[in-house]
Amino acid sequence: MSMTSSNEDVVALAQRLLACPSVTPATGEVFAALEAMLVPRGFTVDRFMVGEAPDGPVENLLAWRTTGAGPHFAFAGHLDVVPPGAGWTSDPFAPEIRGDLLYGRGAVDMKGSIAAFVAALDALPEDLPGTISLIITGDEEGPAVYGTLALMDRMKARDLRPDLCLVGEPTSSARLGDVVKIGRRGSVNMWIRAAGAQGHVAYPHLADNPIPKLVRILTAIEAEVLDAGTDWFQPSNIEITDLEVGNVAHNVIPGAATARISIRFNDQHTGASLIERIKAIAATEGGTVEARISGESFLTAPGAFSDLVSGAIRDVTGVETELSTTGGTSDARFLSRICPVVEFGLNNATMHKLDEAVAVQDLRDLTRIYALVVERALG
């Protein structure tokens with residue numbers, strides 16, 4: 001028996017969200033649409049704006065419903081989407097069903113998953129004890145400074161602490177349910193600067209060319225082997241992502257040269273330890289380093305939670321799930337600080353692409369899987 005008489009089909013719910021333009025950072029209309037879905041389903045909804053330029057303001061939504069004493073199960077996600085770009089077959093914010101697919105920006109990443117979770121609420125027993133919450137940000141695709149981190153602060157202030165959290169990122173690869181993420185590598189970006197002294201190329205003894213210094217720094221960094229991977233993580237990797245001198249004159253030795261590197265790292269490292277490692281290399285040539293840690297690595301060890309999710313997938317689709325830590329970062333890197341987290345959602349083949357689309361049947365199957373997960377987690 002449902003908590004509400006409004007058993008709206010998951011496809012209709014997804015269309016309502018997809019029809020709201022919400023390029024990151026998302027605000028306003030798309031949050032109003034989600035709030036309108038949750039309030040009739042018995043949720044208290046807290047929408048709030050936080051942050052200042054350049055990384056804010058950001059709108060977030062925290063919603064919760066308690067039906068007696070029991071565990072707290074949270075669903076986390078984001079309503080913001082990447083810019084659609086030119087070349088779509090149809091309007092990216094006018095959802096359209098063609099054949100077996102629903103098209104629209106955010107169909108898989110990740111408005112479709114949010115719609116599936118809302119629809120799953122209607123399939124839960126009315127007397128299911130415990131708390132269900134939704135942790136939804138408008139800034140996951142952007143800087144993510146005032147998104148899920150701000151939601152975690154809000155939860156703490158309201159004494160809401162989940163026992164388990166499912167992040168609805170599109171983890172599936174070939175078919176729905178074939179991949180569940182139980183961890184992610186961390187990410188840190190660093191800007192390396194080699195200083196010199198500007199001068200005329202004909203008088204090198206009166207100048208100090210920083211480019212050879214930077215080249216030697218980068219050569220040493222390229223030679224670094226961070227690790228060989230672990231049972232659950234691939235090896236950490238360092239990539240040089242930018243080089244800049246900005247010298248427009250052919251006869252001038254520049255005064256400085258800079259480079260940017262990006263490191264994706266497993267749980268054998270921390271962002272801080274890697275920054276110190278690169279600083280030590282840069283210092284051999286007098287270089288300096290500035291860094292920004294996007295997130296630390298995390299792992300939810302295989303066990304009861306991943307078994308619960310894999311079992312629900314198997315019961316609905318018959319698919320045997322692979323547990324994985326591959327791919328980029330997600331907001332699970334933050335939520336893993338407060339409770340066990342796994343990520344599971346739709347097929348990711350078209351995320352961030354032109355004509356992003358989700359299979360209608362996948363939306364319906366995902367709804368059934370989410371309902372089983374919540375019922376078993378709370379029951």
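Follow the hydrophobic side-chain contacts under 4.5 Å out from L243 and you reach V289 in the same cluster. Note on L17 and V23: separate hydrophobic clusters, where clusters join Ile, Leu, Val, Met, Phe, Trp and Tyr whose side-chain heavy atoms are under 4.5 Å apart, directly or indirectly. Criterion: ILVMFWY side-chain heavy atoms under 4.5 Å apart, direct or through other members. Under it, Y370 and M110 are part of a common hydrophobic cluster.
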Query - Intermediate values then yes/no, side chain to side chain donor-acceptor pair (under 3.5 Å), H352 and D109 - result: CA-CA 8 Å; H352 293 202; D109 191 15; 3.0 Å; yes
query: Hey, mind stepping through R98 and S90 against side chain to side chain donor-acceptor pair (under 3.5 Å) and telling me if it holds?
result: CA-CA 10 Å; R98 300 198 298 273; S90 56; 3.1 Å; yes
inquiry  = Run the salt bridge (charged side-chain N to carboxylate O under 4.0 Å, His left out) test on R368 and D315 for me, step by step, so that the C-alpha distance in whole Å, both residues' side-chain angles and the decisive distance to 0.1 Å come before the verdict.
reply    = CA-CA 10 Å; R368 294 169 60 201; D315 289 347; over 6 Å; no
Check the pair K181, E169 against salt bridge (charged side-chain N to carboxylate O under 4.0 Å, His left out), reporting the backbone distance first and the verdict last. CA-CA 9 Å; K181 306 284 187 180; E169 287 288 345; over 6 Å; no
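Ion pairing of D9 with R364 is present here, as a side-chain N (NZ or NE/NH1/NH2) and a carboxylate O approach within less than 4.0 Å. A salt bridge links E343 to R184: one of the charged nitrogens lies within less than 4.0 Å of a carboxylate oxygen. Ionic pairing of K353 and D355 is not present here: no N-O contact between side-chain nitrogen and carboxylate oxygen is shorter than 4.0 angstrom.
Counting only heavy atoms from C-beta outward, the side chains of L274 and H269 approach each other to under 4.5 Å. W232 has its side chain within reach of P302: a pair of non-hydrogen atoms, C-beta onward, lies under 4.5 Å apart. Using a 4.5 Å cut-off on side-chain heavy atoms (C-beta onward), I338 and P162 make contact.
For the residue pair N347 / S172, no side-chain donor-acceptor distance below 3.5 Å is found, with atom types taken as modelled.
Considering every non-hydrogen atom in both I182 and F298, the closest pair reads O-CE1, 3.9 Å. Taking both residues in full, the closest heavy atoms of V81 and G106 are given as CG1-CA, 3.7 Å, listed atom of the first, atom of the second, then distance. Nearest heavy-atom pair across A150 and V50 is CB-CG1, 3.8 Å. Listed here is the closest heavy atom pair of A194 and K213: CB-CB, 4.2 Å. The shortest heavy-atom contact between A107 and L346 is O-CD1, 3.7 Å. Here the closest non-hydrogen pair linking C339 and D163 is CB-O, 3.8 Å.
The distance from atom CG of L176 to atom OG1 of T317, rounded to the nearest 0.5 Å, is 6.0 Å. Taken from CG in L160 to CZ in R158, the straight-line distance is 7.5 Å, to the nearest 0.5 Å. Rounded to the nearest 0.5 Å, atoms CG (L218) and CD1 (I240) are 4.5 Å apart. Interatomic distance, CG of L38 versus CG of L61, reported as 6.5 Å (0.5 Å rounding). For the atom pair S133 OG and M155 CE, the distance stands at 5.0 Å (nearest 0.5 Å). Interatomic distance, L164 CG to F305 CZ, rounded to the nearest 0.5 Å: 4.5 Å.
At least one donor-acceptor pair under 3.5 Å links the side chain of R65 to the backbone N or O of R41. Between the N60 side chain and the L151 main chain, no donor and acceptor come within less than 3.5 Å of each other. Within the 3.5 Å criterion, the main-chain N or O of G142 finds a donor-acceptor partner in the side chain of D139. Counting only distance, with no hydrogens or angles, the side chain of D178 and the backbone of R175 share a donor-acceptor pair below 3.5 Å. In this structure, N266 contributes its side chain and R185 its backbone to no donor-acceptor pair below 3.5 Å. Between the side chain of R333 and the main chain of S330, a donor-acceptor pair closer than 3.5 Å is present. Side-chain atoms of K111 come within 3.5 Å of backbone atoms of C20 as a donor-acceptor pair (strictly under, hydrogens ignored). E356 places a side-chain N or O within donor-acceptor distance of the main-chain N or O of V108, the cut-off being under 3.5 Å. Checked by atom type and distance alone, the side chain of T24 never pairs as donor or acceptor with a backbone atom of D80 at under 3.5 Å. The backbone N or O of E140 lies less than 3.5 Å from no partner atom in the side chain of T137, so there is not a single donor-acceptor pair.
Annotation: cation-pi pair R105/F93 absent, no NZ/CZ under 6.0 Å from the ring centroid and within 45° of its normal.
Partner of L13 under the side-chain contact (heavy atoms from CB on, under 4.5 Å) criterion, out of L34, L363, L18, V118: V118 alone.
The list of salt bridge (charged side-chain N to carboxylate O under 4.0 Å, His left out) pairs with a residue in residues 186-206, not counting sequence neighbours, is empty. Sequence neighbours left out, the pairs with a member in residues 293-314 that pass side-chain hydrogen bond (donor to acceptor under 3.5 Å, both in side chains) are R314-E320.
Heavy-atom contacts from other residues, nucleotides or ligands closer than 6.0 Å to CG of D91 number more than 12. Crowding of E290 atom CD: a count of heavy atoms from other residues, nucleotides or ligands under 6.0 Å not exceeding 12.
By the 30° and 60° cut-offs, the orientation of the rings of F75 relative to F117 is parallel. Aromatic ring pairs are classed by plane angle as parallel below 30°, tilted from 30° to 60° and perpendicular above 60°; the pair H200 and Y203 is perpendicular.
Between F265 and F233, the ring center distance fails the sub-6.0 Å criterion.
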